[in-house]
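Everything on this sheet refers to the single structure shown next.
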Number of protein chains: 2
Amino acid sequence: MLSFLSAALAVRREVQDHAHMTKKMLLKDVAQLAGVSEMTASRALRGAPDVSKSTRAKIEEIARAHGYVPNRIAGSLSSQSVNLVAVVVPSLNSFVFPEVLSGISSVLKQSPLKPVVGISGYELDEEEEVIREMLSWRPSGVIVAGLEHNDATRKMLQQSDCPVVEVMDVDGTPLRHCVGISHLQAGRDMAAQILSHGYRRIGFIGTKMPQDFRARKRFDGFTEVLTAQSLSLVDVEHYSGDSSIATGRQLTAQMLDRHPDLECIYYSSDVMSVGGYMHCLAAGLSVPQDVALAGFNNLQILEGLPLELATTDACRREVGERAAEIILKARESTGDVAPICETLSPRISLGQSL
Amino acid sequence: MLSFLSAALAVRREVQDHAHMTKKMLLKDVAQLAGVSEMTASRALRGAPDVSKSTRAKIEEIARAHGYVPNRIAGSLSSQSVNLVAVVVPSLNSFVFPEVLSGISSVLKQSPLKPVVGISGYELDEEEEVIREMLSWRPSGVIVAGLEHNDATRKMLQQSDCPVVEVMDVDGTPLRHCVGISHLQAGRDMAAQILSHGYRRIGFIGTKMPQDFRARKRFDGFTEVLTAQSLSLVDVEHYSGDSSIATGRQLTAQMLDRHPDLECIYYSSDVMSVGGYMHCLAAGLSVPQDVALAGFNNLQILEGLPLELATTDACRREVGERAAEIILKARESTGDVAPICETLSPRISLGQSL
DNA sequence: TACAAAATTGTTAGCGATAACGATTACTGT
DNA sequence: ACAGTAATCGTTATCGCTAACAATTTTGTA
């Protein structure tokens, strides 16, 4: 039953014997062993042209046999180029950014560029530090979530001579390139949908606004439409910390407790609306008859629930793809690329919860 | 209502004016402007000693004013040290690794080290490439999920002169350091629990085994205990691709369709067991009366459900913390650190689904 | 066969920072 | 005021690799 384990062990032992024989291999060592100059070895291992088939093979063979791992620090310093793209996102727990990353990776795979992720924790000062750290490695591009940065961050990004793409949001002035959706409009659209379904007593549950600019914009767009109809939110609840199903459930319970006649709740995230739905399931409330629910992001966790919850797709994967394409385009062209700003159209899924 | 937006715009414009005035600042430029040597500027900006309070202040001021971002490529090449820790995980979508990362980050924050994430996609050859890439940057440490690697990967990791910690699993022979739980034992324990509750007609739903060694070990441990009781799994379902609630729901529906008399299902992941639970909710089945469910990982999404699902906590955060601590310890001590292997004890939560 | 063009290899000079050590200046006590 | 030590600051030599260009070999062709 465990045969695959013992097989693995046998292989490992065999390899360990070779281990101590080898010391830190340098390009110089490979070159010497191959009887060529460092330059030729360098060219061969990089796949550069101007190396004969035979010597290239010999060099590659020696490098592999000795487990040579090129020192990219030295290489990058010399060639003045780093095949990394800095990707700065607020969090990886929120279920939303992994998909953006996935879009970025899939596009970058066609190139030698590799994404490197930094986490800003929804804090502008932390973001500054993360970006400074990433820029100190002189990446080939920067993709950063959001349009809001502190002065120091903006200055750094502008002075960096690599392409910068701000993603996820288009409501504001981008530093240069930008891909995303209008959260202001997403909020407005969902409000319109909710109103068109006849709901009037509406509540909102969302993150502490100063932390999450995009959630704030959705909130603003949402209330803007309500106000235009001379309506206002019956109740608003703000939480700090990560969104979670548990928090969504708890806050929903509290809000419905305060306002049993609430007709609809708009959440700043699907994770929260799922929590709200869980409360309804546990409390025996039927959705949308007793209360209607709507979230945001169109996260994967919505799939498979007994009921399809209303949401707005934030085009996360596509945002990642487009951003990466802009980086690639800027890399190819010699001069500056004219600022590109792509506004994607978020799609509302009404599901069965409205 | 949108006042915070226009404020942001005003600030941005002001900054842009400065942008074009500055070119690529080098340490040499900072030094020159401060009227000191490169060395003093370097020392000042690094916070190294042997710089007077006043000159340090002057240099820092100039650097900040001109938006100088040190070139860590040059710095690292010179100092032969890189303050990065490579973290290689199979996926970020699976809900499980972000928490490991979080544990790592929290510990590394006490040091100058920063984690850098690489994704191996549950493929050993992809893992090899990712690790080669990371090692080429000469990190101060490597944390990699799993004990199974191909020969080339093992060789690289052994030859690298930085500490290597394999995490999440202890069933096998670690290259050197290792922190995790025994998945074999986790499988056995859950089987024992399920049997002790009287269930006999049991099914299993899990990932395609060759991809995920730890899921395979849980499966092996699980069936081992069943076999010891002369029992065998009534049904086994394997899926490929990422785990998701939708897949869990669908496969559960299919399995219960094939075997309506099934008493209990063990899943390789909580994401899947939640899906199973969703099927039960939708199909009007009561858990555990009609069917008992058990998952693995103790993911956050379990919190807030109407019913607490049985699971095993994989100590993800703690694993990350311990691994980072080993890296730090190895960094401090001059010589080699004796191999450390920490086996954490996974805690089973029975919840109400068994 | 010879000679230019093409293909392959080698040489020189950094890339931008820092370690190590040397030089200078600033204090300290008597 | 002056030796002696401590606090600052500067000079030199890399770090490991790669552009750019020079040198060499191979190839093609008249």
Side-chain angles (χ1 to χ4, degrees), chain A residues 23-60 62-63 66-83 112 132-133 135-140 159-161, chain B residues 23-60 62-63 66 68-84 112 132-133 135-140 159-161:
Chain A
K23 281 298 155 196
K24 265 190 289 187
M25 287 284 292
L26 268 38
L27 181 62
K28 149 174 50 172
D29 304 315
V30 176
Q32 193 162 15
L33 288 169
V36 298
S37 72
E38 278 187 63
M39 201 58 234
T40 324
S42 169
R43 279 193 276 249
L45 295 173
R46 267 179 301 141
D50 291 343
V51 181
S52 75
K53 204 96 169 91
S54 59
T55 60
R56 184 188 299 271
K58 192 197 329 176
I59 292 168
E60 280 172 349
I62 290 176
H66 292 260
Y68 169 71
V69 178
N71 186 328
R72 238 177 256 286
I73 300 177
S76 297
L77 180 61
S78 178
S79 67
Q80 298 282 61
S81 78
V82 178
N83 286 333
R132 187 192 311 285
E133 173 71 22
L135 285 181
S136 76
W137 290 100
R138 304 292 188 266
S140 289
Q159 287 188 21
S160 82
D161 51 358
Chain B
K23 281 299 157 196
K24 266 190 287 186
M25 286 286 291
L26 267 38
L27 181 62
K28 149 175 48 174
D29 303 315
V30 176
Q32 193 162 15
L33 288 169
V36 298
S37 72
E38 278 186 63
M39 202 57 236
T40 327
S42 169
R43 280 193 275 251
L45 295 174
R46 265 179 302 140
D50 292 343
V51 181
S52 76
K53 203 97 171 86
S54 59
T55 60
R56 183 188 299 272
K58 193 198 326 175
I59 292 168
E60 280 172 350
I62 290 176
H66 292 259
Y68 169 69
V69 178
N71 185 329
R72 239 176 256 286
I73 300 177
S76 297
L77 181 61
S78 177
S79 67
Q80 299 282 43
S81 77
V82 177
N83 286 333
L84 297 177
R132 188 193 311 286
E133 173 71 21
L135 285 181
S136 76
W137 289 99
R138 302 294 187 267
S140 288
Q159 287 187 21
S160 82
D161 51 358

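Every value quoted in this text rests on a predicted model; they were computed, and no experiment measured them.
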N/O to N/O distances under 3.5 Å, protein versus nucleotides 4-7 of chain C:
none

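- Applying the salt bridge (charged side-chain N to carboxylate O under 4.0 Å, His left out) definition to pairs two or more places apart or across chains, none involves residues 26-37 of chain B.
- With sequence neighbours excluded, the residues that form a side-chain hydrogen bond (donor to acceptor under 3.5 Å, both in side chains) with A:T55 are A:S52.
- Of all nucleotides in DNA chain D, those with any atom nearer than 4.0 Å to a heavy atom of chain B start and finish, going 5' to 3', at D:dT8 to D:dG16.
- Put simply, A:S78 has no side-chain N or O that comes within less than 4.0 Å of OP1 or OP2 on C:dG14.
- Pairs engaging residues 39-49 of chain A under the salt bridge (charged side-chain N to carboxylate O under 4.0 Å, His left out) rule: none recorded [sequence neighbours left out].
- With sequence neighbours excluded, no residue forms a side-chain hydrogen bond (donor to acceptor under 3.5 Å, both in side chains) with A:S140.
- For B:I59, the side chain to side chain contact (heavy atoms under 4.5 Å, CB included) partners are B:V30, B:A34, B:V36, B:A41, B:A44, B:L45, not counting sequence neighbours.
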Every protein N/O lying under 3.5 Å from an N/O of nucleotides 24-26 of chain C:
none

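- Contacts of residues 26-37 of chain A with DNA chain C (heavy atom under 4.0 Å): A:V36, A:S37.
- Residues forming a side chain to side chain contact (heavy atoms under 4.5 Å, CB included) with A:S78 (at least two apart in sequence, or on another chain): none.
- Under the side chain to side chain contact (heavy atoms under 4.5 Å, CB included) criterion, A:S81 pairs with A:S79, not counting sequence neighbours.
- Residues satisfying the side chain to side chain contact (heavy atoms under 4.5 Å, CB included) criterion with B:I73, sequence neighbours excluded, are A:I73, A:S76, A:L77, A:V82, A:W137, A:R138, B:N71.
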